[in-house]
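The structure appears right after this line, and notes come after that.
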Number of protein chains: 2
Amino acid sequence: MIESTLVSVDVIALRFDPDARAVLLGVAPRAHEPFAGELALPGVLLGRGERLRDATTRAVTGKLGLAEKSITATGQLATFDEPSRDPRGPTLSIALWATTTRPGENGHLTWARLDDVPALAFDHNRIVADCRPLLADKLWRDVRFTAGLLGREFTTAQALDVTESLTGDRPYPANLGRTMDRVPGLERTTQHASALPKGGRPPLVWRFTAGAAPA
Amino acid sequence: MIESTLVSVDVIALRFDPDARAVLLGVAPRAHEPFAGELALPGVLLGRGERLRDATTRAVTGKLGLAEKSITATGQLATFDEPSRDPRGPTLSIALWATTTRPGENGHLTWARLDDVPALAFDHNRIVADCRPLLADKLWRDVRFTAGLLGREFTTAQALDVTESLTGDRPYPANLGRTMDRVPGLERTTQHASALPKGGRPPLVWRFTAGAAPA
DNA sequence: ATAATAGTGTCTGTCAGACATTATGCG
DNA sequence: CGCATAATGTCTGACAGACACTATTAT
């Protein structure tokens with residue numbers, strides 16, 4: 001019988017911050033060796049028979065200190081099998097995504113801009129870099145991902161910010177509006193959000209109808 | 001310490017058969033319990049520290065009896081984590097793809113049309129069904145996959161057959177030609193293949209230039 | 001009014017879908 | 001020639017990119 005591999009789960013936890021106008025990545029300093037004290041993606045060893053979904057929750061609540069209820073959606077990304085990625089020995093890493101709409105209350109938790117991720121432990125910078133195009137691809141395509149990130153209601157301006165954070169460039173409002181018109185379960189309302197303190201026309205509100213996550 | 005999960009690797013091994021004019025899936029009867037004698041995807045338990053690429057090769061050579069050299073390309077698909085998918089206990093299954101251009105010589109090996117896959121052991125029918133859209137998406141996008149399946153040189157007629165097998169409908173030749181014109185590393189030659197026994201105009205030959213797998 | 005922000009109309013080029021037409025080889 | 005197969009020209013509609021212009025709010 002072949003000795004079995006260790007499987008860890010590393011989570012790309014994302015949150016949209018309307019004030020920073022950007023999508024942020026949740027990272028926290030490691031509590032133990034190796035890389036103790038260095039920032040890392042939240043990750044746990046997958047338990048025997050544990051679902052990936054449950055391991056994702058366990059990593060995000062345990063390592064980032066977010067409440068389980070604040071996780072709005074999760075999903076798979078890719079698997080990393082470089083044998084030397086963990087100095088303790090070969091481990092497989094399954095990269096997953098999770099979304100939340102709340103900042104959490106853990107003092108050690110750091111939210112980093114996706115375009116300015118700090119140095120992370122293990123091969124986590126590589127994981128983030130490799131997965132970023134996969135995440136960009138999910139926006140406006142994977143409804144659970146999009147609704148998990150933006151919440152049930154959001155404005156056109158926020159949609160522009162999220163798109164820019166994930167894809168790297170900012171679409172024209174008219175074009176993004178047409179893209180969103182074609183997203184199933186997303187409807188353009190006639191409501192305007194409350195105006196900003198700086199003045200300017202208040203943006204329109206968009207709303208997910210059916211299978212959307214709560215804000 | 002949490003008891004670690006078992007990880008198996010299940011391979012969707014594909015071959016294009018120019019005579020059958022279809023993409024075929026390699027399956028073989030299981031040698032041991034559970035499901036002994038039933039057809040299944042080639043799969044192995046992932047060894048500690050083993051690369052996914054190596055496990056794929058091991059599964060395809062060991063279970064299907066293909067020569068290692070005849071594997072033209074491999075890659076990842078998705079992970080299946082249903083705990084009850086194996087009656088022996090919870091195992092994670094990482095689904096991978098592999099391509100070959102040769103039929104192999106193992107008497108137990110069965111090549112099944114992708115649109116007529118027989119009943120398979122475990123949740124393998126579900127794996128095939130879930131991964132089929134992922135495979136269709138790779139055609140003409142993932143050059144390694146496409147070249148692995150079609151070989152270094154192929155005709156327009158074969159390209160039509162492969163596309164029909166994977167996506168479910170047959171494109172118009174003119175449209176597929178334009179799609180292939182935009183594939184990097186793939187060039188339209190002016191050579192015609194030898195005519196068919198049934199007569200008819202001989203099809204044009206297309207050729208992969210750089211990073212393509214040998215036929 | 002002016003600044004700041006947001007939304008809309010419309011032109012462009014690209015590209016997939018769909019045929020009809022033309023081309024090439026065999027008997 | 002007629003049959004079988006393959007390739008090509010071209011029309012259409014969908015859609016992304018790009019801008020100019022209009023709309024709404026605060027000061």
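Every chain is numbered from 1, with letters handed out A, B, ... down the list of sequences.
A donor and an acceptor atom never sit less than 3.5 Å apart when one is taken from the side chain of B:Arg201 and the other from the base of D:dA7.
Defined by atom type and a distance below 3.5 Å, a donor-acceptor pair is missing between the side-chain atoms of B:Arg15 and B:Thr99.
Within the structure, every side-chain polar atom (N or O) of B:Thr155 is placed at least 4.0 Å from both OP1 and OP2 of D:dA6. Applying the 4.0 Å criterion to OP1 and OP2 of C:dA16, one finds that B:Tyr172 has every side-chain N and O outside that range. Close to C:dT10, at under 4.0 Å from its OP1 or OP2, lies no side-chain N or O of A:Arg178. Residue B:Arg188 places no side-chain N or O under 4.0 Å from the OP1 or OP2 atom of D:dA6.
One finds no salt bridge joining B:Glu38 and B:Arg30 here, because no Lys/Arg side-chain nitrogen approaches an Asp/Glu carboxylate oxygen to under 4.0 Å.
What separates CD of B:Gln158 from P of D:dA6 is a distance of 10 Å, to the nearest Å. Rounding to whole angstrom units, NE2 of residue A:His192 and C1' of D:dA23 are separated by 9 Å. When the P atom of D:dG17 is taken as reference, atom CG of A:Leu176 falls 11 Å away, rounded to whole Å. Between the CH2 atom of B:Trp140 and the C1' atom of C:dA16 there is a distance of 16 Å, rounded to whole Å. Atoms CZ (A:Arg170) and P (C:dG7) sit 11 Å apart, rounded to a whole Å. Between B:Asp169 atom CG and C:dA16 atom P the separation is 14 Å, expressed in whole Å. Rounded to an integer number of Å, the gap from CG of B:Leu139 to P of C:dA16 is 13 Å. Between A:Met180 atom CE and C:dT8 atom C1' the separation is 14 Å, expressed in whole Å.
Residues A:Asn175 and A:Trp206 each lie close to DNA chain C; by heavy-atom proximity, the contact nearer the 5' end of the strand is made by A:Trp206. Two residues, B:Arg182 and B:Ala174, neighbour DNA chain C, and the one matched to the more 5' nucleotide by heavy-atom proximity is B:Arg182. Residue order along DNA chain D, read from the 5' end via each residue's closest nucleotide, puts B:Leu204 first among B:Leu204 and A:Pro171.
Summarising the geometry, atom CH2 belonging to B:Trp206 is positioned 4.5 Å from atom CG belonging to B:Asp181; distances are rounded to the nearest 0.5 Å.
In the set C:dG7, C:dA16, D:dA16, C:dA16 carries the atom at the smallest distance from any side-chain atom of B:Thr179.
In this structure the side chain of B:Ile94 never reaches within 4.5 angstrom of the side chain of B:Ser8, judged on heavy atoms. Side-chain contact check for A:Phe122 versus A:Leu41: every heavy-atom pair is 4.5 Å or farther apart.
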